[in-house]
Peer 1: 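Sharing a structure, written as structure tokens. Questions coming.
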Protein chains: 2
Amino acid sequence: MGGPLKMSGKKSPNGSRSDQEGTAEARRGPMREFSRSLPMSLLRAREAVMRQFRPSLRNHGLTEQQWRILRALTAVDTIEVTELARVAFLLGPSLSRILRDLEARDLIERRAAKADLRRGEVSISSKGLKLIEAVAPTSEAIYAEITHRFGARKLAELQDMLGELERSLAAMEVAGEGEAEADE
Amino acid sequence: MGGPLKMSGKKSPNGSRSDQEGTAEARRGPMREFSRSLPMSLLRAREAVMRQFRPSLRNHGLTEQQWRILRALTAVDTIEVTELARVAFLLGPSLSRILRDLEARDLIERRAAKADLRRGEVSISSKGLKLIEAVAPTSEAIYAEITHRFGARKLAELQDMLGELERSLAAMEVAGEGEAEADE
DNA sequence: CCGGATAACTTAACATGTTAAACAAATTTC
DNA sequence: GAAATTTGTTTAACATGTTAAGTTATCCGG
């Protein structure tokens, strides 16, 4: 498989464009607009940061999300699944799958809560703790390098703004919940 | 669920924690540290923003990434797959899958480049263009509302900082490429 | 008690992220 | 110029994001 493209004999699409047939790079007017949108800016910035951490985590057999979970667990004795989802910023289904995997690898332990059997209480195992301790130095070094390159002052300022952005949108109503958002 | 396990002694990393088994919310000391890391701040901020757009896109049968692709295509006549991956900030494999889907839905068209049969040239179809035009008003209204809530001035400042962060890390060597990152 | 509503997960299903490998066309080397 | 290498794209395989549905345990009104 993997053959060449389908090369069906279609021709010039979008009849609403009255350009010449200049190369795409020749006129990227509105493209810049798109590329500078807030979601794209945030995405690229985050990727630039995570790009630094992923190889190290990978060398220790951890994904970013698995690391987030273990990291969160080091800060508490035990924590309920829902709370863990909140602090590690993961959706329930993702967390459920990852916990299953981490438990199979003996990096975490969990039991049912005595008072409410629906709730699961999770904690890091000693093996998980050792893993964290093995990864932490590199992670902290990378974080320090990032701080140094960007500037500690500016980093704090950036994080303040990000927090403020979050708060600005926290109360914002989400549009288009029903069906069509124009009218219906 | 996981049966009862050994739960060895408290492993609180900062030794000064001698709580009973109070709820996790009761004492979130070091957790805040983790929660305030740069990657988490960026992730939460981006999620807060995208949360506003997703329902509207979903009502039009589009995911965020599909929207990014169509949006990028409206700015050009045709574009090569690699270039499209760059501007829409998607990895090749993701883009490949999504293009297959968008083509099947007749939202885009593609053909092989005359000069280099390896390259695929992609363009938006008139149907795709119509879809964009149907979604755009809502998206722009949401973006305007975000700008209003957060402040246009601050928004521009935030984006400047995000761009600067990107540039700061662009030249940073990625550690731990080989095997262990200590020495190799 | 009991049966319906609610809550806390978990599964399912589909789309994307991520890395490695496969493939075919183009380019370079010998 | 054919073999070896490189380049552009796709496939494969596994992990996560995202929404909906399923499960089991609690709660709650009668």
Side-chain angles (χ1 to χ4, degrees), chain A residues 1-7 39 43-44 46-47 50-51 53-59 61-69 79-86 88-105 110-122 174 176-177, chain B residues 1-2 23-24 39 43-44 46-47 50-51 53-55 57-59 61-69 79-86 88-105 110-122 174 176-177:
Chain A
M1 298 283 239
L5 299 173
K6 298 207 254 188
M7 189 62 188
L43 182 58
R44 281 199 309 262
R46 189 178 136 81
E47 179 55 28
M50 286 315 303
R51 212 171 71 76
F53 289 98
R54 259 190 286 267
S56 163
L57 292 177
R58 185 166 169 60
N59 285 340
L62 288 177
T63 65
E64 180 197 335
Q65 292 82 357
Q66 292 165 356
W67 165 257
R68 288 220 300 272
I69 292 174
I79 188 173
E80 290 177 8
V81 174
T82 300
E83 249 298 277
L84 182 55
R86 198 182 61 77
F89 210 70
L90 292 169
L91 293 180
S94 293
L95 181 56
S96 199
R97 281 177 307 216
I98 301 174
L99 289 181
R100 186 208 306 149
D101 176 67
L102 293 180
E103 187 179 23
R105 291 158 68 185
R110 62 173 160 179
R111 72 188 72 178
K114 305 184 261 289
D116 187 340
L117 295 182
R118 292 171 304 181
R119 298 167 191 268
E121 294 185 339
V122 185
V174 215
E177 285 288 17
Chain B
M1 191 173 292
T23 39
L43 181 58
R44 281 198 309 263
R46 188 178 136 82
E47 178 55 28
M50 286 315 302
R51 210 170 72 75
F53 290 99
R54 259 189 286 267
L57 293 177
R58 185 168 168 60
N59 286 339
L62 288 176
T63 65
E64 179 197 335
Q65 292 81 359
Q66 293 166 356
W67 164 257
R68 287 219 301 272
I69 292 174
I79 187 172
E80 290 177 8
V81 174
T82 301
E83 251 295 279
L84 182 55
R86 199 182 60 77
F89 210 70
L90 292 169
L91 293 180
S94 292
L95 180 56
S96 198
R97 282 177 306 216
I98 300 174
L99 289 181
R100 186 208 307 150
D101 176 67
L102 294 179
E103 188 179 23
R105 290 158 68 184
R110 62 173 160 180
R111 73 189 72 174
K114 305 184 263 290
D116 188 339
L117 295 182
R118 293 171 303 181
R119 298 167 192 267
E121 294 184 340
V122 185
V174 222
E177 284 288 17

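The chains referred to below are lettered A, B, ... by the order of the sequence lines, with proteins before strands, and numbering in each begins at 1.
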Peer 1: Expected output is a numbered-order residue list: members of residues 92-102 of chain A with a heavy atom under 4.0 Å from any atom of DNA chain C. What is it?
Peer 2: A/P93, A/S96, A/R97, A/R100

Peer 1: Tell me: CG of A/L117 to P of C/dT10, nearest whole Å?
Peer 2: 13 Å

Peer 1: Who pairs with A/R97 by side-chain hydrogen bond (donor to acceptor under 3.5 Å, both in side chains), at least two apart in sequence or on another chain?
Peer 2: A/S94

Peer 1: Assign each of A/R58 and B/T63 to its nearest nucleotide of DNA chain C by heavy atoms, then name whichever residue's nucleotide is nearer the 5' end.
Peer 2: B/T63

Peer 1: Kindly say if B/R110 contacts the phosphate of D/dT10, meaning a side-chain N or O under 4.0 Å from OP1 or OP2.
Peer 2: yes

Peer 1: Between D/dT16 atom C1' and A/F89 atom CZ, what is the distance in whole Å?
Peer 2: 14 Å

Peer 1: The criterion is side chain to side chain contact (heavy atoms under 4.5 Å, CB included); which residues satisfy it with A/T63, sequence neighbours excluded?
Peer 2: A/Q65, A/Q66

Peer 1: Just to verify, what does B/R54 make a side chain to side chain contact (heavy atoms under 4.5 Å, CB included) with, not counting sequence neighbours?
Peer 2: B/E47, B/M50, B/E64

Peer 1: For A/R68 and for A/D116, locate the closest nucleotide of DNA chain D by heavy-atom distance; then report the residue assigned to the nucleotide nearer the 5' terminus.
Peer 2: A/R68

Peer 1: How many Å lie between CD on A/Q65 and P on D/dT18, as a whole number?
Peer 2: 11 Å

Peer 1: Taking CZ from B/R118 and C1' from D/dT6, how many angstroms apart are they, rounded to a whole number?
Peer 2: 8 Å

Peer 1: What is the separation between atom CG on B/L91 and atom P on D/dT11, rounded to the nearest whole Å?
Peer 2: 16 Å

Peer 1: I need the CE-P distance between A/M50 and D/dG17, as an integer number of Å.
Peer 2: 12 Å

Peer 1: For A/R100, what residues pass the salt bridge (charged side-chain N to carboxylate O under 4.0 Å, His left out) criterion, not counting sequence neighbours?
Peer 2: none

Peer 1: Quick one: list whatever passes salt bridge (charged side-chain N to carboxylate O under 4.0 Å, His left out) with A/D116, sequence neighbours left out.
Peer 2: A/R118, A/R119

Peer 1: Just N and O in the side chain of A/Q66: are any of them under 4.0 Å from OP1 or OP2 of D/dT16?
Peer 2: yes

Peer 1: Treating B/R68 as the side-chain partner and B/A88 as the backbone partner, does any N or O pair qualify as donor plus acceptor under 3.5 Å?
Peer 2: yes

Peer 1: What is the distance, rounded to the nearest whole Å, between atom CG of A/L43 and atom C1' of D/dG17?
Peer 2: 13 Å

Peer 1: Quick check for you: to the nearest 0.5 Å, what is the distance between A/I69 atom CD1 and A/I98 atom CD1?
Peer 2: 4.0 Å

Peer 1: Using whole Å, what does the distance between atom P of nucleotide C/dA26 and atom CD of B/E80 come to?
Peer 2: 13 Å

